[in-house]
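In what follows, a single structure is set out as structure tokens and then discussed.
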Amino acid sequence: MTLREQVALSVAQLAQWASRQFGFGGGTNLPGRIARRVAPDVLRHQAQRLNGGVMLISGTNGKTTTSRMIAAICSQEGQPALHNRAGANLITGLTAATLDLGIWGEPHYQRALFEVDEAHLPAAIAETQPRVVLLLNLFRDQLDRYGEVDTLAAKWQKVLATLPRTSTVVLNADDPAIADLATGLQANVLFYGLEDTRHGNDALRHAADSIFCRRCGQPYRYDPAYYGHIGRYHCPACGHRRPEPHIGLRQLELDGTRGSTLRVVLNQAQGQQALELTLPLPGLYNALNALAAIAATSALDVPLPIIRAALEQFSAAFGRIERFDYQQKQVLMALIKNPIGASETVRMITSGSQAPLNLMIAINDKIADGTDVSWLWDADFEALAGHTQQIVVSGTRAADMANRLKYAGIDQQQIHVEPDLAQAFDRAIANDTALTMLPTYTAMLEMREVLVDRGVLKPFWES
């Protein structure tokens, strides 16, 4: 390491310490910005110190939960990975995470695991030259930042083509935009996908994005569609179709908000293997996150018993599926940030629900959320009708959310608008029943700050 890089990392470590010591935040981005200003190639050189290589995970939905699943599997194996666990997934966040490698002597880790923002993936690939890249899905999300799905896919395709044969790219076979990224790659490719068609619909929902054939432009047909444009697709015009997955989720049993049971079959060079496990996270999308984690760690040759043990005792990332007690009442907090994620979360909390739900929905339109909240009209909030007893709406766009619920068919007497998050929470928790909170990203962070101040939760960088 050059003297310049040593200075860069030393100053960054001081900034991180000061940020946490004086309550300015978790020090998960600013130190990386400082280090890169002093030594622009510092992430590249830090990545080269890792004998076990780097794994990058990206996609619109699920990257934080999936990366934490993979981190848990690595730890279970006895080879913990350097990980941007707090979710700082811009290139500055990745750089800040490498402070934990240490500056002098042998690095404290042999491999790194980075969740990466979709727009920052090309730079992350160029700077870390990853051993494995896991790509989950591509949906419309923050159009003011990312643009359309096809724009991102084209940028990803270009940078993936630079990876050598020694790298492995793990792709979701059920997402047409993701599966098509395999075209023309030198790198080894592994597909994963859902094979249990009981969880699908005969027709696409209105929030679907990648619905036209990547070869001839004609509409895909689905048999079935699971959610959005995720499913078993084929083009009746040219024959282009979903690739057969190397790692398939053959059987999935969902158990409401409690969890699910998975049976996964892996077709590998050494033959076919099966893995059965009970996942303590609810929802179809979390089962698919677990499938992605299984596929990625199989690329690292992690034994299946280790994968099973790690996933069966896994707990979700802060704010994603976070459970805690407050005033002797159970609270479930589940992040929502785009049409597909919100629709699947609503599907999860209403499926098998017997008692009417006590809800708090907090919608912000800050930069990290995306300033365009028109996505609220593409999310399936109609599924809440008939399942609620009270909905407190909050955040900078509380009025917009209340209006959306009105048009979703919710009884207006159940809807209460309280823009202040702390006061909204107090009103919602005053109800005699358990509370389910659905915040956008910055609303989740702000709500957690309130709960940290009240001694209920730990700061996100300690979670």
Side-chain angles (χ1 to χ4, degrees), residues 28-33 35-37 40-44 47 54-67 83-98 112-130 132-163 167 169-172 175-181 185 209-210 228-229 292 317 320 335-341 364-375 440-442 444-445:
T28 55
N29 265 307
L30 178 62
R33 191 176 302 124
R36 295 177 68 84
R37 180 66 63 87
D41 284 335
V42 65
L43 175 59
R44 188 185 308 272
V54 172
M55 178 186 291
L56 302 180
I57 300 98
S58 196
T60 308
N61 291 329
K63 49 188 177 288
T64 298
T65 298
T66 305
S67 64
H83 178 208
N84 55 337
R85 184 176 176 82
N89 57 23
L90 307 184
I91 201 74
T92 50
L94 273 60
T95 306
T98 66
L113 165 66
F114 293 135
E115 165 197 339
V116 188
D117 176 88
E118 299 94 295
H120 286 241
L121 181 64
I125 290 176
E127 293 192 30
T128 66
Q129 288 299 293
V132 177
V133 178
L134 169 61
L135 301 178
L136 304 172
N137 46 59
L138 270 177
F139 298 111
R140 276 176 296 148
D141 183 37
Q142 301 187 32
L143 292 175
D144 52 303
R145 287 186 60 219
Y146 298 130
E148 291 291 346
V149 165
D150 288 343
T151 302
L152 268 179
K155 292 178 180 178
W156 286 9
Q157 178 84 60
K158 185 175 180 180
V159 72
L160 289 172
T162 66
L163 290 174
S167 295
V169 180
V170 184
L171 302 174
N172 184 354
D175 186 325
I178 293 294
D180 199 54
L181 295 172
L185 297 190
D209 297 310
S210 297
H229 57 261
R320 270 65 181 180
L335 177 72
I336 60 173
K337 64 190 187 81
N338 53 43
I340 295 299
N364 278 356
D365 62 351
K366 300 182 181 181
I367 295 299
D369 304 293
T371 56
D372 179 0
V373 296
S374 62
W375 64 268
T440 55
Y441 184 70
T442 65
M444 178 266 289
L445 293 180

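Side-chain atoms are counted along with the backbone in the values below, which use heavy atoms only and exclude waters and symmetry mates.
With N29 contributing its side chain and G93 its backbone, the two residues share a donor-acceptor pair below 3.5 Å. In terms of modelled atom types and a separation under 3.5 Å, the side chain of T98 and the main chain of T95 share a donor-acceptor contact. A donor-acceptor distance shorter than 3.5 angstrom exists from the side chain of S67 to the backbone of T64, with no hydrogens or angles considered. Not a single donor-acceptor pair under 3.5 Å links the side chain of N137 to the backbone N or O of I178.
Between L134 and A292, the closest heavy-atom pair is CD2-O, 3.9 Å. Of all heavy-atom pairs spanning A124 and V116, the tightest one is CB-CG1, 3.8 Å. Listed here is the closest heavy atom pair of V159 and P122: CG2-O, 3.6 Å. For P31 against A96, the heavy-atom pair with the smallest separation is CB-CB, 4.3 Å. Shortest non-hydrogen contact noted between Y441 and A368 is CD2-CB, 3.9 Å. Closest approach of N172 and L136 over heavy atoms only: ND2-O, 2.8 Å.
Taking a cutoff of 4.0 Å between a charged side-chain nitrogen and a carboxylate oxygen, E115 and R85 do not qualify as a salt bridge. Here E118 does not pair with K155 in a salt bridge; the nearest charged N to carboxylate O distance is not below 4.0 Å.
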* So F139 and H229, side chain to side chain contact (heavy atoms under 4.5 Å, CB included) or not? Walk me through it. -> CA-CA 9 Å; F139 298 111; H229 57 261; 3.3 Å; yes

* To do: Check the pair N338, T60 against side chain to side chain contact (heavy atoms under 4.5 Å, CB included), reporting the backbone distance first and the verdict last.
  => CA-CA 9 Å; N338 53 43; T60 308; 3.4 Å; yes

* To do: Assess whether side chain to side chain contact (heavy atoms under 4.5 Å, CB included) is satisfied between M55 and L113, documenting all intermediate values.
  => CA-CA 5 Å; M55 178 186 291; L113 165 66; 3.8 Å; yes

* T28 and N84: side chain to side chain contact (heavy atoms under 4.5 Å, CB included), yes or no, with the steps? -> CA-CA 8 Å; T28 55; N84 55 337; over 6 Å; no

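Side-chain contact between E127 and I91 is present, with heavy atoms from C-beta onward closer than 4.5 Å. Under the 4.5 Å side-chain criterion, counting only non-hydrogen atoms from C-beta, L135 is not in contact with V170. Residues I367 and T371 have side chains in contact (heavy-atom distance under 4.5 Å, counting atoms from C-beta outward). Proximity of F114 to I57: side-chain heavy atoms (C-beta onward) are nowhere separated by under 4.5 Å.
Annotation: the span from L181 atom CG to L185 atom CG amounts to 7.5 Å, rounded to 0.5 Å. Rounded to the nearest 0.5 angstrom, R33 CZ and T92 OG1 are separated by 5.5 Å. Annotation: the span from M444 atom CE to D369 atom CG amounts to 9.5 Å, rounded to 0.5 Å.
Residues passing the salt bridge (charged side-chain N to carboxylate O under 4.0 Å, His left out) test with R44, sequence neighbours excluded: D41. Taking L163 as the reference, I125, P130, V133, L160, S167, V169, A187 meet the side chain to side chain contact (heavy atoms under 4.5 Å, CB included) condition, with sequence neighbours excluded. For D180, the side chain to side chain contact (heavy atoms under 4.5 Å, CB included) test picks out T183, R214, R215, H240, with sequence neighbours left out.
Between the side chains of T442 and N364, a donor-acceptor pair is found at a separation under 3.5 Å.
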